[in-house]
Every structure is written in C-alpha cells, then in structure tokens.
There are 2 protein chains.
Amino acid sequence: MNSSMNSGAPPVSPFIRLFGRYLREQGLPVTQQREAVADVVFSSDAHLSVDDIERQLRSAGERIGKATIYRTLDLLVRSTLVAEHDFGEGFKRYEHRLSRQPDHDHLICLECGGVTEFKSTELRGLQNQVAREQGFRASRHKLEIYGLCRSCQAAGAKLPDEGLTCPIEAV
Amino acid sequence: MNSSMNSGAPPVSPFIRLFGRYLREQGLPVTQQREAVADVVFSSDAHLSVDDIERQLRSAGERIGKATIYRTLDLLVRSTLVAEHDFGEGFKRYEHRLSRQPDHDHLICLECGGVTEFKSTELRGLQNQVAREQGFRASRHKLEIYGLCRSCQAAGAKLPDEGLTCPIEAV
DNA sequence: GTCCATGCAAACCTTTTGCACTATA
DNA sequence: TATAGTGCAAAAGGTTTGCATGGAC
C-alpha cells in the first residue's frame, strides 16, 4: 500500500491540508492514520459515528485502532474543522464544517433517525438578543427540532404520544 | 419509617399525585420508591443528575437502588411530567415540567457549567416556519446556547479559542 | 394469589487510558 | 535520535438487564 495514503485514483480532499496545517501549528506530527481518519470525515457529508468511520476505514483497507480514531476526532474537533453532535442515540456523531453553511442546525426524525440540516438567519439574532437580555456572552448554539420527516409522514408514521391522557397544563 | 413516604412534616408535592394517576392509567403499581424518586424531582427546580437524586434520597434516609432510580426516571419521562437533558457532560439530567414555563430553553456556561433557563416567544414561530419549509412535522425542539454566564465574565473568564489561527472560511 | 417492582451484581456500550512498540520530524 | 503516536487490551463511567426476593393490588 502506498504510504501517501492516496494511491493515485481518488482525489484527496484539499481540506486534509488544512488539518495538516493545524497539526504543524500545534507542533504535532502529521501521521498516516490522522490523514486517513480526516479523509473519511472530509469525504462525507453525513453525520458519522465512530463505527461508521471505522467501517469505512476497514473497507478502504486501512486498519486503524478505535483509540486512534477517537484521538484524531478530538484533534479535528479542536481544530474547529469538525463538529461533534449528540443526537441522543448514546454515541456521538461527527461532521466536517467545510464547504457547507457554517452554522446550520438540525431536524431529527423520531421515526427513522434521519437528520436534515437547515439554516435560519433569524436564529443568530435571536441568540444574541437572548444573550443580551441575560447578560450572557454567547459563543455558539445548538438547535435541534425533533419530529417526523416528510417520508415518514407519507409512510403513515405517527408521533409517539404517551404520557398523561389529560395535558399537564390542566393540573 | 412511615410507609406513606411523607412522615408528617414536609408537604408532599401535589404533583406526585399526577404521577400516581399516570401509573394507574398504565396499570402499573404505585410504589414507595417511585413516589420517593418523584418527590425528589418535583421538589427541586434544578437540573438533577442521577447522582444528585441518589444523594438526596440517601440524606432523606431512603435507600433506593440506582436501577430503580433509572427505571422510575424512565417512567417520569414517558409520563411527560419530567424532561431529560444532555448538556454534554457524559450523563443525563432531569427536571420536572410542572409549574414552570413549559417550553423553555437553556443557556449553558462553558466555564462553570451553570444552566440558566430562558423563554423566547419567537422560537416557537421559528420552529414552525422551518418545519413548514422543510415538510417536517415538528414535535419539540431543543435550543442550547453555550457561552459565559454573567458571573464568570465578571471573574475574567475567557472563551476557549483553539482551532486554526486563520478562520476556516478563508480557505 | 398473581403480577410486577426492587435490589444487587453483572453486563453493556461508548469512550478513555496505560504501556510496549513504532513512526515522525 | 528524541519525541510523540499507535495499537491493543484493560479500565472507566453511565446506563441497562437478569434473577431471586419482596411488595402492590
């Protein structure tokens, strides 16, 4: 296997170079494994779990330990090139922040688990307004809207509606 | 110890009765332990961890296994009387949804971990607008704004600012 | 008396860490 | 060659589960 990690055919994302730059700035070695993990993340527009990443590395013939994947993801998140998400599934997901709207938020389908991204221009203003009112210095936000995606609605899915038969407001 | 769980002195939250009603509706037994856990959650306006709850039970003389606490919290969440939160600390937190603004959101201080609640009337409209645009059926949302609370700013705390020296937008 | 909850400990799952070995710079 | 990274396996930490016992209805 070619030690440059990109054996000719698939064009390596130019974004990996940004990660290399970050590593050099921090005085950290640029290793094959770090580049391979970064390549998987930068090559996908999905919200990847660590298992997803490991699977893709394996099918690309790379054999990289989970510990290294976690350690590299930590660096990627620190570099701000990658965002970490927790959609309440019991594990984290990762998505790169390059060549896409930088501060988008997520619609999460309670039926199929699918994630759709959206961008609201008003949200930034709302964040700043709330922060101002509360004397808070806002750095970032996270908005997740849970419900049913279009196709699950079409398939007849219903929102789970457990809980008290009479709304709690009626105490 | 009195088997009614409320040995005279501290007034039991009337909200426990709602939980009892839920359990009966579901054909589930109303047990001492379930009432004790519910009492702790309904008596606090904080965002409690399972450890917090266990600690409070112990200091009240109750000796209830962690498994029972988890199982009861599951019921409380299902009943919609209690909301579950994950503020990225590696464990969950719980807060009751009674006698407070039903759909508030959270400001989370990156320095001290403190959580402040806020209510934005515009947010519900924004949620519905986004959902409409995307053909999504929204059920609920979760907005968290991360930053520095007033007192941590006063104490001179700075937002962590790692990452690339040059903003990624400048690729 | 039946059925379900409880408590304990073991199991689980994701993530982190220790350590001997290897690669980067 | 010095320094830091890798891989493996073990540990950690929160949460869940199996099973014998005990309580609710």
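A, B, ... follow the sequence lines: proteins, then strands. Residue 1 opens every chain.
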In this structure, how many angstroms lie between the [atom2] atom of [N] and the [atom1] atom of [X], rounded?
X: B:Gln33; N: D:dT21; atom1: CD; atom2: P; value: 18 Å
X: A:Leu28; N: D:dA2; atom1: CG; atom2: C1'; value: 15 Å
X: A:Asp86; N: D:dG14; atom1: CG; atom2: P; value: 15 Å
X: B:Gln32; N: D:dA24; atom1: CD; atom2: P; value: 6 Å
X: A:Gln26; N: D:dT3; atom1: CD; atom2: P; value: 19 Å
X: B:Phe91; N: D:dT16; atom1: CZ; atom2: P; value: 15 Å
X: A:Lys92; N: D:dG13; atom1: NZ; atom2: C1'; value: 12 Å
X: A:Glu54; N: D:dG7; atom1: CD; atom2: C1'; value: 12 Å

Where along residues 64-74 of chain B does a heavy atom come under 4.0 Å from DNA chain D, residue by residue in number order?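 When residues 64-74 of chain B is checked for heavy atoms under 4.0 Å from DNA chain D, the hits, listed by number, are B:Ala67, B:Tyr70, B:Arg71.
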Measure up the B:His104 and B:His106 rings against each other and bin them: parallel (under 30°), tilted (30 to 60°), perpendicular (over 60°).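 Taking B:His106 first and then B:His104, their aromatic rings stand perpendicular (interplane angle over 60°).
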Non-neighbouring partners of B:Glu122 that pass side chain to side chain donor-acceptor pair (under 3.5 Å), sequence neighbours left out: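 Residues passing side chain to side chain donor-acceptor pair (under 3.5 Å) with B:Glu122: none at all.
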Identify, between B:Pro29 and A:Pro29, the residue whose nearest nucleotide on DNA chain D lies closer to the 5' end.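 Nearest-nucleotide comparison on DNA chain D picks A:Pro29.
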Running the 4.5 Å side-chain criterion over Ile, Leu, Val, Met, Phe, Trp and Tyr, what cluster does A:Phe91 land in, apart from itself?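 None, because no other hydrophobic side chain comes under 4.5 Å of this residue.
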Cluster companions of B:Leu143 among Ile, Leu, Val, Met, Phe, Trp, Tyr (side-chain spacing under 4.5 Å):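 Via sub-4.5 Å side-chain contacts, B:Leu143 links to A:Leu107, A:Phe118, A:Leu123, A:Leu126, A:Val130, A:Phe136, A:Leu143, A:Ile145, B:Leu107, B:Phe118, B:Leu123, B:Leu126, B:Val130, B:Phe136, B:Ile145.
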For a quick test of reading the model, state the closest non-hydrogen atom pair linking A:Leu148 to A:Cys109 and the distance between them.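 It is CA-SG, 4.0 Å.
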To check you understand the geometry: which heavy-atom pair defines the closest contact between A:Leu48 and A:Val41, and what is its length?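 Reported closest heavy-atom pair: CD1-CA, 4.1 Å.
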Students should find this one: the first and last nucleotides of DNA chain C, 5' to 3', lying under 4.0 Å from a heavy atom of chain B. What are they?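 Contact span on the strand: C:dC4 to C:dC8.
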Applying salt bridge (charged side-chain N to carboxylate O under 4.0 Å, His left out) as the test, list every pair that has at least one member in residues 129-143 of chain B; sequence neighbours left out.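 Sorted result for residues 129-143 of chain B: A:Glu144-B:Lys142.
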Using a 4.5 Å cut-off on heavy atoms from C-beta on, say whether the side chain of B:Val82 contacts that of B:Phe42.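 Yes, their side chains come closer than 4.5 Å.
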Do A:Glu54 and A:Ile69 have side chains that get closer than 4.5 Å, going by heavy atoms?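 SC-SC contact between A:Glu54 and A:Ile69 confirmed.
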